Amino acid sequence: MALDERLLKPYDPKATEDRIYRQWEASGAFAPRPDAPNGVFSMVLPLPNVTGTLHLGHAAMITIEDILARYARMRGKKTLWLPGTDHAAIATQSKVEEIIYKQEGRTRHDLGREEFLRRVEQFAAASRNIIVKQIRKLGASVDWSREAFTLDEPRSRAVRTAFKRLYDAGLIYRGRRLVNWDPKLQTTVSDDEIEWQTETTPLYYLKYGPFVITTARPETKFGDKYVVVHPTDERYTQFQSGQKLTVEWINGPVTATVVKDEIIDREFGTGAMTITPAHDLADSEIAARHGLDSEQVIDLVGKLLPIAGEFSGQHWKKARPKIMAKLETKGLVEKIEANYEHQIAVNSRGGGIIEPQLLEQWFVAVNKPFDDQGTTLKELMRRPVATDEIKIIPERFTKIYFHWIDNLRDWCISRQIWYGHRIPVWRHEPKCVPIVGREKEIEKCQEIVVGEPLEKCPHCNAKFTPDPDTLDTWFSSGLWTFSTLGWPASPAGGPDQTEDLKTFHPTTVLETGYDILFFWVARMILMSGFLLGQIPFHIVYLHGLVRDAGGRKMSKSKGNTIDPVTMVDKYGADALRLALIIGTSPGNDSKISEDRIRGYKHFANKLWNIGRFILAAVGNETPARPAAIPAADQKLIEQLDDLTREVTVDLEAYRFSLAAEKLYHYVWHTLADKIIEAAKPRLLTDETEQVKWLLYTLFERSLRLLHPFAPFITEELWSLRPRATSSERLITTPWPAT
RNA sequence: GGGCGGUUAGCUCAGUUGGUAGAGCGUUCGCUUGACGUGCGAAAGGUCAUAGGUUCAAGCCCUAUACCGCCCACCA
């Protein structure tokens, strides 16, 4: 009997995996099977950013999703797992800016918009190529024929259409509001993109007429003309609300007005503060409540405006000590508390310290009713989760989701960066007409066009100028579950339903990290709900973050990332996958070490040797079912029946770790250690045929059960069965019956 | 300030509806067993953070405490 020569050697993932992947791809197994008998399974790959390459966290995510996809496929479902990448606007732009500055000492303004964008696109393309290779290496059974990019033409059309529909419904508006301004990247960012860092700074107690006020930012205080105290604070009962008094301030006397507001914490400092509504959200809300004026003090690059008098034109950082010196000379400094701890806002996308600014931007209104029932976008996001139409795993994130929605303010979607979708709005040249309050003129003359570009105004022939800003990257990724399925079928209204959309939307499950629950998951529910009247997915499965051995988040800047491809090269993709899945649980972070991956390489080796033994014992013919099966053998079959049921239930319940662990344990410690050992002597007796059948049956079943977890080695062993043909691939073999 | 998660073997972590504790790595002893030394056989090692409670039965449920971590929040 001639054993396949591959079985003579130890298992070599390097010589096997790429070949198997090519076979899968060429066979069309990754595409949805048109005649699949048991319904539909669809899922999108959480589009990796083209800011770099994949790390082990991505690998864990891909593993979980591939398990889902392969299991669904084997269950006979029409299975679509759709891949793609995200242009990640601000993250990619700031990354490329950084590289160019480091290598050439030039800024994006030195290069100009066109050349800079060319560079970014180059970078994005290179990054995308690496990512695609990495995804393949991991064995991901994604349908490459449907690969998408958030910035390609079909997705751009979806963005323009979505913008127009939201605009026409009055849900996108232009407004002047206090926004998060990043002076370093020169753009606004949304509330969610802000990271709070603890900073230790002096706290200044300054004399403000009869009051002593506290501040951490004396350089913003030039325009302060309101002093706020708590209404019931007995220290200030002699001052009436609205009372005016003249106080000596930094650049001379100012008229101060007393305001009483319950937001004031009487215990803090002296219980009195002055407000800077133009550069502080809390202050601006106080100002809004009492109808107070607001004056800008700091400009968009961080320099003081003429209101600062002699300090005008200086950067606030440099001006602060000089201002303090002047206050000192004027005798206005009561005391300075040295180590005051407070939170400062930082742009988490590689940007600078946020300076709130009052700017005109585009917003999505989340609290504005848009239909007869008075539905708001907020409710649209809340309802499907509240009614369990969308189920979040693990469940505790449901509460976190609601809490976020309840605190949500209008979403600032315009960015002043260059890379990304242009805001699909065009205005008359040379005059850019402000929109708010001038809707009538717009109707008459089309001073503004939204959605698809228009060269000239059909009414007065004036040329149109595009809005200079770009969109928040999450605007386009929010459309992902349906923009990838051909939405919109036609930009000018028309039927929205493409065949793909009808078949695959809503998608079955969204598997992603809990860190983008708000950024992405919520936005998808919003977009899908408003534009399609559908939920985007039925289940949200949230995985934890993969951290390094020290528990730190992996990131390039910390230098603690592990390249998944390096691990695949060393231990094989199957081993890496098992290491990433076993011992993890949804929503909880995990730490990964190379030792763990090596351990599962040993398992792959074990499985390979089980295959060598059983296939060699079985020979060239598939063993026939014996007429009589000994009771002991029957028990072993039933034992595997039980395991099959358990593993199936675990997979249906998204308990991947448990399912994999049970299979691991069975294959090693039952099939190999007990069953094979017991079979060895029997093979030499007249029970040979019965034993061959038993071993082969258990082995064949084990391969099927293990395939979603360790696809490469199981597929390879499958192809080594007696009389195996190249068209009978394990990937498309039915899951064992339960 | 509010909410959430964690605390299980030397290390890193699992533990599905409550029923005599598991994995990887590490440690000790013995094995050229013809699938595998990337292995086999055996072993050591856990009062499952602490204190109460519910239960025939608790790592798992309830209450409180301690420490670690995360998220959210308009204390200047």
Side-chain angles (χ1 to χ4, degrees), chain A residues 3 7-8 10-11 178 191-192 195-196 203-206 213-217 220-221 224 227-228 261 263-276 280-286 288-289 340-343 356 394 396-397 399-404 406-407 409 514-515 517-518 544-545 547-551 553 571 575 578-579 581-585 587-617 646 649-650 653-655 657-662 664-665 668-669 672-673 676-677 680-681 695:
Chain A
L3 205 56
L7 277 178
L8 299 175
Y11 178 62
L178 200 63
D191 295 343
D192 304 293
E195 211 172 79
W196 293 91
L203 183 66
Y204 307 97
Y205 286 69
L206 306 176
I213 58 113
T214 46
T215 181
R217 298 198 65 191
T220 65
K221 302 271 113 183
D224 289 13
V227 58
V228 191
D261 193 296
I263 193 98
I264 294 295
D265 177 1
R266 273 172 285 191
E267 309 302 314
F268 191 93
T270 59
M273 74 173 199
T274 60
I275 57 167
T276 313
D280 186 284
L281 187 62
D283 291 3
S284 84
E285 284 177 4
I286 295 172
R289 268 200 293 280
Y340 173 63
E341 267 195 5
H342 73 151
Q343 304 280 99
R396 63 185 150 91
F397 284 95
K399 208 170 167 183
I400 298 174
Y401 178 80
F402 288 145
H403 186 253
W404 177 79
D406 294 342
N407 285 298
R409 287 193 299 263
Y514 66 77
D515 53 332
L517 178 64
F518 310 139
L545 273 31
R547 298 173 180 275
D548 71 359
K553 214 166 160 172
Y571 307 107
L578 288 167
I581 204 72
I582 295 178
T584 66
S585 50
N588 289 331
D589 297 350
S590 60
K591 294 179 197 170
I592 186 81
S593 67
E594 232 180 291
D595 276 347
R596 217 150 104 238
I597 305 170
R598 192 186 309 117
Y600 291 104
K601 186 197 161 105
H602 295 175
F603 174 70
N605 177 66
K606 187 73 186 178
L607 181 63
W608 184 252
N609 283 301
I610 290 168
R612 287 170 74 175
F613 180 81
I614 293 180
L615 292 173
E646 274 183 55
V649 168
D650 283 339
Y654 296 87
R655 295 190 294 252
S657 174
L658 268 181
E661 197 177 330
K662 283 173 186 167
Y664 174 98
H665 202 267
W668 199 316
H669 301 298
D673 290 351
I676 288 182
E677 289 308 319
K680 279 175 181 174
L695 291 178

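Please read all numbers here as calculations on a predicted model, not as lab measurements. Reminder, nothing fancy here: chain letters follow the sequence lines and each chain counts from 1.
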Quick one: does any side-chain atom of [X] pair with a main-chain N or O of [Y] as donor and acceptor, under 3.5 Å?
X	Y	value
A:Ser657	A:Gly583	yes
A:Arg266	A:Gly271	no
A:Asn407	A:His403	yes
A:Asp589	A:Leu545	yes

Identified stems (criterion: three or more consecutive Watson-Crick or G-U pairs, under 3.5 Å), RNA chain B: B:1-7 with B:66-72, B:10-13 with B:22-25, B:27-31 with B:39-43, B:49-53 with B:61-65

Could you state the atom-to-atom distance from [atom1] of [X] to [atom2] of [N] in whole Å?
X	N	atom1	atom2	result
A:His665	B:rG15	NE2	P	16 Å
A:Leu517	B:rG5	CG	C1'	15 Å
A:Ile610	B:rA35	CD1	P	13 Å
A:Arg612	B:rG39	CZ	P	14 Å
A:Ile676	B:rG34	CD1	C1'	14 Å
A:Leu545	B:rC13	CG	P	14 Å

What interatomic distance, in whole Å, is found between [atom1] of [M] and the corresponding atom of [N]?
N	M	atom1	result
B:rA76	B:rC62	P	36 Å
B:rA14	B:rC75	C1'	43 Å
B:rU12	B:rC71	C1'	24 Å
B:rG10	B:rA66	C1'	24 Å
B:rU33	B:rC40	P	13 Å
B:rU28	B:rG45	C1'	11 Å
B:rG46	B:rA64	C1'	25 Å
B:rC4	B:rA42	P	46 Å

Side chain to side chain contact (heavy atoms under 4.5 Å, CB included) assessment of A:Thr276 paired with A:Arg217: CA-CA 10 Å; A:Thr276 313; A:Arg217 298 198 65 191; over 6 Å; no

5' precedence on RNA chain B between A:Asp673 and A:Thr584 (nearest-nucleotide basis): A:Thr584

Hey, does [Y] have a side-chain heavy atom less than 4.5 Å from the side chain of [X]?
X	Y	result
A:Thr274	A:Thr215	no
A:Tyr600	A:Tyr571	no
A:Leu578	A:Tyr664	no
A:Ile597	A:Lys601	no

NA contact type, [X], heavy-atom cut-off 4.0 Å: base, sugar-phosphate, or nothing?
X	answer
A:Arg396	sugar-phosphate
A:Ile614	nothing
A:Ala604	nothing

Can you check whether [X] has a side-chain N or O nearer than 4.0 Å to OP1 or OP2 of [N]?
X	N	result
A:Tyr340	B:rA76	yes
A:Lys591	B:rC13	yes
A:Ser585	B:rA14	yes

Output a table of nitrogen or oxygen pairs between the protein and nucleotides 24-27 of chain B separated by less than 3.5 Å.
from, atom 1, to, atom 2, distance (Å)
B:rG24, OP1, A:Tyr664, OH, 3.0
B:rG24, O2', A:Asp595, O, 3.4
B:rC25, OP1, A:His602, ND1, 3.4
B:rC25, O2', A:Asp595, OD2, 3.0

Given [options], identify the nucleotide with an atom nearest to the side chain of [X].
X	options	value
A:Asn605	B:rA14, B:rA76, B:rU38	B:rU38
A:Asn588	B:rU16, B:rA76, B:rG5	B:rG5
A:Phe268	B:rC36, B:rA23, B:rC75	B:rC75
A:Glu677	B:rU16, B:rA35, B:rA23	B:rA35
A:Lys662	B:rU16, B:rC75, B:rU38	B:rU16
A:Lys606	B:rU16, B:rG22, B:rA35	B:rA35
A:Lys399	B:rA23, B:rU16, B:rC4	B:rC4

base_contact_polar (B:rA35 base, A:Lys680 side chain, donor-acceptor, <3.5 Å): yes

Intermediate values then yes/no, side chain to side chain contact (heavy atoms under 4.5 Å, CB included), A:Asp280 and A:Ile275: CA-CA 8 Å; A:Asp280 186 284; A:Ile275 57 167; over 6 Å; no

What pairs of nitrogen or oxygen atoms, one from the protein and one from nucleotides 67-74 of chain B, lie under 3.5 Å apart?
from, atom 1, to, atom 2, distance (Å)
B:rC72, O2', A:His403, ND1, 3.2

Geometric class of the A:Tyr11/A:Trp608 ring pair [parallel <30°, tilted 30-60°, perpendicular >60°]: tilted

Parallel, tilted or perpendicular: ring planes of A:Trp404 versus A:Phe518, cut at 30 and 60 degrees: parallel

Pair A:Met273-A:Asp283, side chain to side chain contact (heavy atoms under 4.5 Å, CB included): steps then yes or no: CA-CA 10 Å; A:Met273 74 173 199; A:Asp283 291 3; 3.6 Å; yes

Whether over 12 other heavy atoms sit under 6.0 Å from A:Glu267 CD: no

